[in-house]
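Quick notes on the structure that follows.
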Amino acid sequence: MAEALRVGIAGLGTVGASVARVLRDKAAELTRQCGRDIIVSAISARDRKRERGIDLSSANWFDDPVKMAQTAEIDVFVELIGGDEGSARASVKAALEAGRHVVTANKALLAKHGVALAEIAEKKGVLLNYEAAVAGGIPVIKTMREAMAGNSVTRVFGILNGTCNYILTRMEAEGVSFDVVLKDAQRLGYAEADPTFDIEGHDTAHKLSILTSLAFGTKIAANDIYMEGISNITQADIRAAGDLGYRIKLLGVAQRTESGIEQRVHPTMVPTASVIAQVHGVTNAVAIETDILGELLLSGPGAGGNATASAVIGDIADIAKSRPGFQHGPVFGRPAKELKPYKKAQMRSHAGGYFIRLTVHDRIGVFAAIAKRMADNDISLESIVQHAVSGEAAAQKTVILVTHETTEAAVRKAVDGITKDGHLTDKPQVIRIERAG
């Protein structure tokens with residue numbers, strides 16, 4: 001049997017403690033699967049005295065994760081610190097430069113520095129594995145990096161944030177407001193005390209940027225993603241979507257177009273009969289469209305200690321199965337130095353059109369003015385629905401428009417014109433309708 005694989009874990013929060021626990025509890029099974037023992041030989045965390053529910057006294061403690069990354073006592077450095085700078089970046093860089101394999105769950109680090117780190121890993125002939133960084137326990141990285149040889153990806157999209165999916169699911173099922181569900185999500189641990197990173201789309205954008213690089217062979221461009229969150233989604237939108245045969249999901253979408261690569265994160269209406277519309281709660285799902293395979297949908301737990309730990313363990317096991325002299329594949333599916341510069345596409349026409357909700361004054365001429373603005377921008381309407389607003393706002397009406405295929409620029413120009421006309425009593429809502437499997 002080969003020598004034991006020595007693992008150093010930096011960061012002993014929920015995920016780090018789960019990884020250590022699984023490596024202990026499943027030691028015999030992992031040895032059978034990998035042909036060698038896997039042991040935790042070193043650990044590093046901010047608080048040495050904190051109770052973590054697992055005995056780690058046999059591992060050497062390092063106050064500085066960078067020093068642990070450089071030590072000859074480990075073969076694999078597992079980074080679970082978080083953040084795109086500071087000790088997370090420094091320790092991963094140090095481990096790779098020292099010829100150590102690295103496993104990380106840090107999507108923010110990869111979104112900002114992934115290409116540079118990949119170049120170091122490939123130069124040193126070591127692995128940089130990051131399955132847990134995107135969609136938790138779903139093996140989407142392994143699928144795209146290893147199992148789709150020969151396929152050309154045309155589009156990748158999905159539900160990449162469990163917090164947002166949980167909120168939208170409950171808003172629809174229970175008819176409660178965004179704010180009410182968010183508070184419950186925070187109480188249950190599905191949302192952070194400051195939920196901005198999740199609900200405004202940043203978390204999804206980081207994950208999407210990594211998938212984009214894998215799909216299209218481009219350098220990661222997390223800062224070039226069109227992004228909207230879900231904080232402005234109301235019960236009026238949820239109900240209108242249902243009436244029209246749609247369900248609202250926060251999607252990350254990347255696709256190849258004639259003008260470049262398009263990346264966008266935003267609330268989207270998907271047909272209720274589509275598979276992705278059936279993904280509820282904290283579950284994640286990723287759809288990959290290719291020329292050979294067609295469409296592949298992967299769905300499963302997208303967050304949480306166990307789901308993330310499972311992905312980390314899988315990455316460690318892959319390293320344990322490799323042998324000295326084995327030629328490792330490139331980090332992003334192609335050699336890092338061959339990744340093409342990212343060319344941002346113009347926002348294209350959307351095949352499903354747009355949903356537009358307007359709250360307007362209930363007076364003569366408003367509807368005609370709205371129709372004129374649409375016509376002036378060559379927007380063809382599939383349907384128009386009017387609802388009276390009851391209660392104190394009885395002098396208002398809600399107008400729901402669903403457009404045929406049109407452009408982002410045309411819709412925004414039309415809505416801006418309606419706003420300037422003074423007909424609106426509330427902020428307009430615009431949601432794309434996405435073709436979804």
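What you see is a predicted model; the values in this text were computed from it and never measured.
Expressed to the nearest 0.5 Å, how far CD1 of Ile159 lies from OG1 of Thr204 amounts to 10.0 Å. Atoms CD and SG, from Glu29 and Cys34 in turn, are 10.0 Å apart once rounded to the nearest 0.5 Å. Taken from CD in Gln33 to CD1 in Ile38, the straight-line distance is 9.0 Å, to the nearest 0.5 Å. Here the CZ-CG distance, from Phe178 to Asn232, works out to 9.0 Å after rounding to the nearest 0.5 Å. Expressed to the nearest 0.5 Å, how far CG of Leu110 lies from OG of Ser213 amounts to 10.0 Å. We find the NE2-CD1 distance between His202 and Ile199 to be 9.5 Å, quoted to the nearest 0.5 Å.
With respect to the salt-bridge test (charged N to carboxylate O, under 4.0 angstrom), the residues Arg432 and Glu408 qualify. Contact check on Asp203 versus Lys207 returns a salt bridge, with a Lys/Arg side-chain nitrogen under 4.0 Å from an Asp/Glu carboxylate oxygen. In summary, Glu79 and Arg89 do not engage in a salt bridge, as defined by a charged side-chain N under 4.0 Å from a carboxylate O. Looking at Lys112 and Glu85, a side-chain N of the basic residue comes within less than 4.0 Å of a carboxylate O on the acidic one, giving a salt bridge. Ionic pairing of Glu172 and Arg247 is present here: one or more N-O contacts between side-chain nitrogen and carboxylate oxygen are shorter than 4.0 angstrom. With respect to Asp318 and Lys142, a salt bridge is recorded, a charged nitrogen being found less than 4.0 Å from a carboxylate O. The pair Lys93-Glu97 counts as a salt bridge, with a side-chain nitrogen and a carboxylate oxygen less than 4.0 angstrom apart. Taking 4.0 Å as the cut-off between side-chain N and carboxylate O, Asp75 and Arg100 do not count as a salt-bridged pair. Electrostatic pairing of Asp63 and Arg48 counts as a salt bridge here, judged by a charged N lying under 4.0 Å from a carboxylate O. One finds no salt bridge joining Glu122 and Lys124 here, because no Lys/Arg side-chain nitrogen approaches an Asp/Glu carboxylate oxygen to under 4.0 Å.
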- Query: Between Ile433 and Thr268, does a side-chain contact (heavy atoms from CB on, under 4.5 Å) hold up when you go through it step by step?
  - Reply: CA-CA 6 Å; Ile433 298 173; Thr268 307; over 6 Å; no

- Message: Assess the residue pair Asp179 and Ser177 against the criterion (side-chain hydrogen bond (donor to acceptor under 3.5 Å, both in side chains)); give the C-alpha distance rounded to whole Å, side-chain angles, the decisive distance to 0.1 Å, and a yes or no.
- Response: CA-CA 5 Å; Asp179 290 336; Ser177 70; 5.3 Å; no

- Applying side-chain contact (heavy atoms from CB on, under 4.5 Å), run through Val134 and Leu208 and close with a yes or a no. CA-CA 8 Å; Val134 180; Leu208 180 66; over 6 Å; no

- Task: Run the numbers on Phe355 and Leu401 for side-chain contact (heavy atoms from CB on, under 4.5 Å), then give the verdict.
- Result: CA-CA 6 Å; Phe355 164 94; Leu401 310 173; over 6 Å; no

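Formation of a donor-acceptor pair under 3.5 Å by the Thr31 side chain with backbone atoms of Ala27 is found in this model. Between the Gln278 side chain and the Thr272 main chain, a donor and an acceptor come within less than 3.5 Å of each other. Distance alone, capped at 3.5 Å, places no donor-acceptor pair between the His206 side chain and the Lys107 backbone. Side chain of Asp84 to backbone of Ala108: no donor-acceptor contact under 3.5 angstrom is found. Without hydrogens or angle criteria, Glu131 side chain to Gly314 main chain gives no donor-acceptor distance under 3.5 Å. Using modelled atom types, one side-chain atom of Ser299 and one backbone atom of Asn284 make a donor-acceptor pair closer than 3.5 Å. Ser91 contributes no side-chain N or O that, together with a main-chain N or O of Pro65, makes up a donor-acceptor pair within less than 3.5 Å. Side-chain N or O atoms of Glu295 include none that pairs as donor or acceptor with a backbone N or O of Ile288 at under 3.5 Å. In this structure a side-chain-to-backbone donor-acceptor pair under 3.5 Å is present from Tyr130 to Val331. Between the side chain of Arg52 and the main chain of Leu12, a donor-acceptor pair closer than 3.5 Å is present.
Minimum heavy-atom separation, Val270 to Ala277: CG2-CB, 3.8 Å. For Val312 against Val103, the heavy-atom pair with the smallest separation is CG1-CG1, 3.9 Å. Heavy atoms only, all atoms of each residue included: Ile248 and Met269 are closest at CG1-CG, 4.1 Å.
Aromatic ring centres of His404 and Tyr354 lie farther apart than the 6.0 Å criterion allows.
Put simply, the side chain of Asn60 does not reach to within 4.5 Å of the side chain of Ile43, judged on heavy atoms. Taking the side chain as every heavy atom from C-beta outward, Leu117 and Leu109 approach each other to under 4.5 Å. With contacts defined as side-chain heavy-atom distances shorter than 4.5 Å, the pair Val7/Ile74 does not qualify. Proximity of Glu289 to Val153: side-chain heavy atoms (C-beta onward) are nowhere separated by under 4.5 Å. Looking at heavy atoms from C-beta onward, Met148 lies in side-chain contact with Thr143 at the 4.5 angstrom threshold. Counting heavy atoms from C-beta on, the side chains of Glu192 and Thr163 never come closer than 4.5 Å. Residues Ser44 and Trp61 form no side-chain contact, since every pair of their non-hydrogen atoms from C-beta on lies 4.5 Å or further apart. Proximity of Val286 to Leu160: side-chain heavy atoms (C-beta onward) are separated by under 4.5 Å at one or more points.
For the side chain to side chain donor-acceptor pair (under 3.5 Å) criterion with Glu434, the lone passing option out of His266, Arg264, Lys249 is Arg264. The side chain to side chain donor-acceptor pair (under 3.5 Å) test with Gln429 singles out one residue from Thr398, Asp237, Thr234, and that residue is Asp237.
Within 6.0 Å of CG in Asp184 there are more than 12 heavy atoms belonging to other residues, nucleotides or ligands. A 6.0 Å sphere centred on NZ of Lys340 holds no more than 12 heavy atoms belonging to other residues, nucleotides or ligands.
Between the side chains of Gln263 and Thr212, at least one donor N or O lies within less than 3.5 Å of an accepting N or O. Side-chain contact of Asp426 with Thr359: a donor-acceptor pair under 3.5 Å is absent, judged by distance alone. In summary, the side chains of Arg170 and Asn165 do not present any donor paired with an acceptor at a separation below 3.5 Å, with no hydrogens or angles considered. Counted by atom type alone, Asp416 and Thr419 present zero donor-acceptor pairs between their side chains at under 3.5 Å. Thr104 and Asn106 are not linked by any side-chain donor-acceptor pair at a separation below 3.5 angstrom, with hydrogens and angles left out of the test.
Because its NZ or CZ atom is not both nearer than 6.0 Å to the ring centre of Phe332 and within 45° of the ring axis, Arg334 does not count as a cation-pi partner of that residue.
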